[in-house]
A.B. asks: 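Before we start, here is the structure in question, set down as structure tokens.
Counting from 1, the numbers follow the sequence of the chain as shown. Predicted model only: the values in this text are computed from it and were never measured.
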Amino acid sequence: MRLTILGGGGFRVPLVYGALLGDHAEGRVSHVTLYDEDPARLAAMTRVLADRAAAAGVPDVPAVTATRDLDEALRGADFVFSAIRVGGLEGRAADERVALAEGVLGQETVGAGGVAYGLRTVPVAREIARRIARAAPGAWVINFTNPAGLVTEAMAEELGDRVIGICDSPVGLGRRIARLLGARPQEAWIDYVGLNHLGWVRGLRIGGRDELPRLLADAEALESFEEGRLFGAEWLRSLGAIPNEYLHYYYFNRDTVRAYQAAGQTRGAFLRDQQRGFYAEAGRAGLPAGAALAAWDRTRAEREATYMAENREAAGVGERDESDLESGGYEKVALALMRAIARDERATLILNVRNGSTLSVLDAGAVIEVPCLVDANGAHPMGVEQLPLHAVGLVTAVKAVEREVLAAAASGSRADAVKAFALHPLVDSVTVARRLLDSYTAAHPGLAYLR
């Protein structure tokens, strides 16, 4: 099989390639094409992957080629991973900075920052979807690009159910809960529902029995893992569920904004500076074998340890425990999804797919994040209980914002863009929404289409 990675110079590409190196089954990926507009990033990442292949010491590693020609990258692809970042990390840093100056959240996918990122990304994602439909009509597209649910919905306008969005947050959360309850994660059924970065674990069934109430009754156990420490046992008991970590931005918004404003550097600015150093080191001439991979490993360890540091500061919970450093493994989710489709190996995965009739409060085309049964015909959302009212409010409000982003990206209408900002639950004034749009259009050439 042939895999194309759009955004092939991106920092997390070695995670995907590492997962492929561990896949020795028949029908595995034999060729990986990296596509990126930045030749320096492509060169550095090709070097890291070569180091990783050499360190793995396995036969028949997937061949790697790199190109800056999108149609060339897509031709003959069986699967396409879309992992682009429109505006780069400089754009993310600006998203955060502009929002915080207005006293509102500027996180990458949540609040004003997520709206700005969506307005930049959706037109590009739609064009990529059209190019895929022409150059590789039989390919399956797995979307990593944030905001993942919004971008998947935009691409589905052209690709239908052949585009599936993934995120590792729900998987990591379910894994931590299962281990606390003494179960093997792969043997647990996770009742998870919502939108990307806006979902809740409402139950965890082991052998047909829901064990989540047992965890909710144990305050010490509840506060022994990342989400429990972020939200606190009392709030989790009130909800009767375990929220995705990104809901901390909603439930403790004022605290988080203060912590972000007090930080010496935003997350986007930190990653921008950190990765600038990594790419310079990995691309240096005369680098000995293995040095590029070593630089990547060091950079990744620091990145993981500092994840959501401001939220932990706001919650007063200190540094991440070693047990919390393991993510859900988005590359493993992607590989499991690809295997299930390519080999018709049925799997149950939490994915971003079109709603159909799963959640009655949303229309059929709305992309949601729920457990899905995956087979050769794609990903099929499984039946779930309907959302409680407190969740309905957030989910429908944020989906309305996403729809305004899609409308603005299609129409180029400033009014639609202002509406997207103003309707977001974390933007508290239409006046602020207008100022946000003015500042974002000044900061981002990619928003010049709004008029």
A.B. asks: Compute both the distance and the angle, then confirm whether Arg41 meets the cation-pi test with Tyr279: under 6.0 Å from the six-membered ring centre, within 45 degrees of the axis.
C.D. replies: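 Pair Arg41/Tyr279 counts as cation-pi.
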A.B. asks: Between atom CG of Asp38 and atom CE of Met45, what is the distance when rounded to the nearest 0.5 Å?
C.D. replies: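 These two atoms lie 10.5 Å from each other.
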A.B. asks: One thing to verify: whether Asp36 and Arg68 come together as a salt bridge, which I'm taking to mean a side-chain N less than 4.0 angstrom from a carboxylate O.
C.D. replies: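 Answer for the salt bridge query: no.
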A.B. asks: Apply salt bridge (Lys or Arg N to Asp or Glu O under 4.0 Å) to Asp191 and Arg202, showing your working.
C.D. replies: CA-CA 6 Å; Asp191 177 7; Arg202 305 179 301 177; 3.3 Å; yes
A.B. asks: Between His248 and Asn253, is any pair of side-chain heavy atoms under 4.5 Å apart?
C.D. replies: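 Contact flag for His248/Asn253 side chains = no.
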A.B. asks: Is the shortest side-chain N to carboxylate O distance from Glu108 to Arg92 below 4.0 Å?
C.D. replies: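 Arg92 and Glu108: salt-bridged.
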A.B. asks: Which heavy atom of Gly283 sits nearest a heavy atom of Ala44, and at what distance?
C.D. replies: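 Scanning both residues completely, I find the closest heavy atoms to be N-CB, 4.2 Å.
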A.B. asks: Less than 4.5 Å apart, side chain to side chain, heavy atoms only: is that true for Val80 and Ile142?
C.D. replies: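 Side-chain contact under 4.5 Å: no.
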A.B. asks: Using a strict threshold of under 4.0 Å (side-chain N to carboxylate O), is an ion pair present between Glu404 and Lys399?
C.D. replies: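 Salt bridge flag = no for Glu404 with Lys399.
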A.B. asks: Salt bridge or not for Arg267 and Asp95, using N-O below 4.0 Å?
C.D. replies: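 Asp95 and Arg267: not salt-bridged.
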A.B. asks: Hey, what do you get for CG (Asp416) to CG (Leu450), rounding to the nearest 0.5 Å?
C.D. replies: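 Separation between the atoms: 9.0 Å.
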A.B. asks: Find out whether Tyr246 and Leu195 are in side-chain contact, i.e. whether some heavy atom of one side chain is under 4.5 Å from a heavy atom of the other.
C.D. replies: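 No, every pair of side-chain atoms sits at 4.5 Å or beyond.
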A.B. asks: In terms of ring plane angle, is the pair His424 and Tyr250 parallel, tilted or perpendicular, where the classes change at 30° and 60°?
C.D. replies: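 Plane angle under 30°, so parallel.
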A.B. asks: Under 3.5 Å, is there a donor on one side chain and an acceptor on the other for Asn244 and Glu369?
C.D. replies: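 Their side chains do not contain a donor-acceptor pair, so the 3.5 Å distance test is not met.
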A.B. asks: Answer yes if the side chains of Gln274 and Glu302 hold a donor-acceptor pair under 3.5 Å, and no otherwise.
C.D. replies: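 The answer is yes; a qualifying pair exists.
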A.B. asks: Measure from the side-chain N and O atoms of Arg47 to the backbone N and O of Leu293, and report whether any donor-acceptor pair falls under 3.5 Å.
C.D. replies: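 Flag not set: sc Arg47 to bb Leu293 has no pair under 3.5 Å.
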A.B. asks: Minimum heavy-atom separation for Leu119 and Ala417, please, with both atom names.
C.D. replies: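 Where Leu119 meets Ala417 most closely, the heavy atoms are CD1-CB, 4.2 Å.
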A.B. asks: Anything under 30° is parallel, anything over 60° is perpendicular, the rest tilted; go ahead and classify Tyr440 against Phe421.
C.D. replies: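 Because their plane-to-plane angle is under 30°, the rings of Tyr440 and Phe421 count as parallel.
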A.B. asks: Regarding Arg52 and Asp297, does a basic nitrogen lie under 4.0 Å from an acidic carboxylate oxygen?
C.D. replies: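 No, this pair does not count.
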A.B. asks: Please report the interatomic distance CG(Leu215) to CD1(Ile177), rounded to the nearest 0.5 Å.
C.D. replies: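 Interatomic distance, Leu215 CG to Ile177 CD1, rounded to 0.5 Å: 6.5 Å.
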A.B. asks: Is the ring pair Tyr260/Tyr249 parallel, tilted or perpendicular, if the boundaries are 30 and 60 degrees?
C.D. replies: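 Because their plane-to-plane angle is over 60°, the rings of Tyr260 and Tyr249 count as perpendicular.
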A.B. asks: Side chains of Val395 and Leu198, heavy atoms from C-beta outward: is any pair under 4.5 Å?
C.D. replies: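 The answer is yes, as the side chains (C-beta and beyond) meet within the 4.5 Å cut-off.
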A.B. asks: Let me see the working for Gln275 and Thr299 under side-chain hydrogen bond (donor to acceptor under 3.5 Å, both in side chains), right down to the final yes or no.
C.D. replies: CA-CA 8 Å; Gln275 291 189 23; Thr299 306; over 6 Å; no
A.B. asks: Can you name the nearest heavy-atom pair linking Val374 to Ala340, along with the distance?
C.D. replies: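 Here Val374 and Ala340 meet closest at CG1-CB, 3.6 Å.
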A.B. asks: Taking only Lys NZ, Arg NE, NH1 and NH2, and the carboxylate oxygens of Asp or Glu, determine whether Arg229 and Glu223 approach each other closer than 4.0 Å.
C.D. replies: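 Salt bridge flag = no for Glu223 with Arg229.
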A.B. asks: If you look at every heavy atom in Asn196 and Cys167, which pair is closest and at what distance?
C.D. replies: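 Heavy atoms only, the tightest pair is ND2-CB, 3.3 Å.
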A.B. asks: Given the ring of Tyr330, does Arg12 sit roughly above its face, with NZ or CZ under 6.0 Å from the centre of the six-membered ring and within 45° of the axis?
C.D. replies: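 Cation-pi check for Arg12 and Tyr330: passes.
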A.B. asks: Is a donor on one side and an acceptor on the other found under 3.5 Å between the side chain of Arg131 and the backbone of Leu70?
C.D. replies: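 Not a single qualifying donor-acceptor pair exists.
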A.B. asks: Which pair of non-hydrogen atoms, one from Ala112 and one from Leu436, has the smallest distance, and what is that distance?
C.D. replies: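 Answer, listing the atom of Ala112 first, then Leu436: CB-CD1, 3.8 Å.
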A.B. asks: Report yes if some heavy atom in the side chain of His197 is under 4.5 Å from a heavy atom in the side chain of Glu245; otherwise report no.
C.D. replies: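 In short, these two side chains do not touch, never coming nearer than 4.5 Å.
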A.B. asks: State, to 0.1 Å, how close Ala94 and Ala443 come at their nearest heavy-atom pair, and which atoms those are.
C.D. replies: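 Residues Ala94 and Ala443, closest heavy atoms: CB-CB, 4.5 Å.
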A.B. asks: Are Glu281 and Arg298 close enough for a salt bridge, meaning some N to O gap below 4.0 Å?
C.D. replies: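 Judged by the 4.0 Å cut-off on N to carboxylate O distance, Glu281 and Arg298 do form a salt bridge.
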A.B. asks: Could Arg205 and Trp189 be counted as a cation-pi pair, given that NZ or CZ must be under 6.0 Å from the ring centre and within 45° of the axis?
C.D. replies: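 No, Arg205 and Trp189 do not form such a contact.
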A.B. asks: For Gln186, does the CD atom sit with more than 12 other heavy atoms under 6.0 Å from it, leaving out its own atoms?
C.D. replies: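 Yes.
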A.B. asks: Take His380 and Asp161 through the side-chain hydrogen bond (donor to acceptor under 3.5 Å, both in side chains) test and state the conclusion after the steps.
C.D. replies: CA-CA 9 Å; His380 318 282; Asp161 291 332; over 6 Å; no
A.B. asks: Donor-acceptor pair, distance only, cut-off 3.5 Å: does the side chain of Thr358 make one with the backbone of Asn355?
C.D. replies: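 Side chain of Thr358 to backbone of Asn355, a donor-acceptor pair under 3.5 Å: yes, one is there.
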A.B. asks: Quick one: does any side-chain atom of Tyr17 pair with a main-chain N or O of Pro62 as donor and acceptor, under 3.5 Å?
C.D. replies: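 Yes.
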A.B. asks: As an exercise, state the distance from CG of Asn143 to CD1 of Ile84, rounded to the nearest 0.5 Å.
C.D. replies: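 It comes to 8.0 Å.
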A.B. asks: Could you check whether atom CD of Glu37 has more than 12 heavy atoms from other residues, nucleotides or ligands sitting under 6.0 Å from it?
C.D. replies: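 Not buried by this count: 12 neighbours or fewer within 6.0 Å.
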A.B. asks: Taking CZ in Arg434 as the centre, count heavy atoms belonging to other residues, nucleotides or ligands within less than 6.0 Å. Is the count above 12?
C.D. replies: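 Counting other residues, nucleotides and ligands, CZ of Arg434 stays at 12 neighbours or fewer.
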A.B. asks: Under 3.5 Å, is there a donor on one side chain and an acceptor on the other for Ser429 and Arg435?
C.D. replies: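 No, no side-chain donor-acceptor contact under 3.5 Å.
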A.B. asks: For the atom pair CG (Leu6) and CD1 (Ile132), what is the distance rounded to the nearest 0.5 Å?
C.D. replies: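 One finds 5.5 Å between CG of Leu6 and CD1 of Ile132.
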A.B. asks: Please tell me whether Trp200 and Tyr192 form a close aromatic pair, meaning their ring centres lie under 6.0 Å apart.
C.D. replies: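 No.
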A.B. asks: Drop me the distance from Phe144's CZ to Ser82's OG, to the nearest 0.5 angstrom.
C.D. replies: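 Phe144 CZ to Ser82 OG: 9.0 Å, rounded to 0.5 Å.
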A.B. asks: Side-chain contact, heavy-atom cut-off 4.5 Å: Leu426 with Val104?
C.D. replies: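 Sidechains of Val104 and Leu426: no contact.
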A.B. asks: Do the side chains of Ile5 and Tyr35 get nearer than 4.5 Å, heavy atoms only?
C.D. replies: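 Of all side-chain heavy-atom pairs linking Ile5 with Tyr35, none is under 4.5 Å.
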A.B. asks: Evaluate the salt bridge (Lys or Arg N to Asp or Glu O under 4.0 Å) criterion for residues Arg354 and Asp363: first the C-alpha distance (whole Å), next the side-chain angles of each, then the deciding distance (0.1 Å), finally the verdict.
C.D. replies: CA-CA 9 Å; Arg354 294 200 287 189; Asp363 60 70; over 6 Å; no
A.B. asks: With the side chain counted from C-beta on, respond yes when Arg414 and Arg451 share a heavy-atom pair under 4.5 Å apart, and no when they do not.
C.D. replies: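 Arg414 does not reach Arg451 side chain to side chain.
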A.B. asks: Salt bridge check: are Arg339 and Asp23 linked by an N-O gap of less than 4.0 Å?
C.D. replies: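 The answer is yes: the pair qualifies as a salt bridge.
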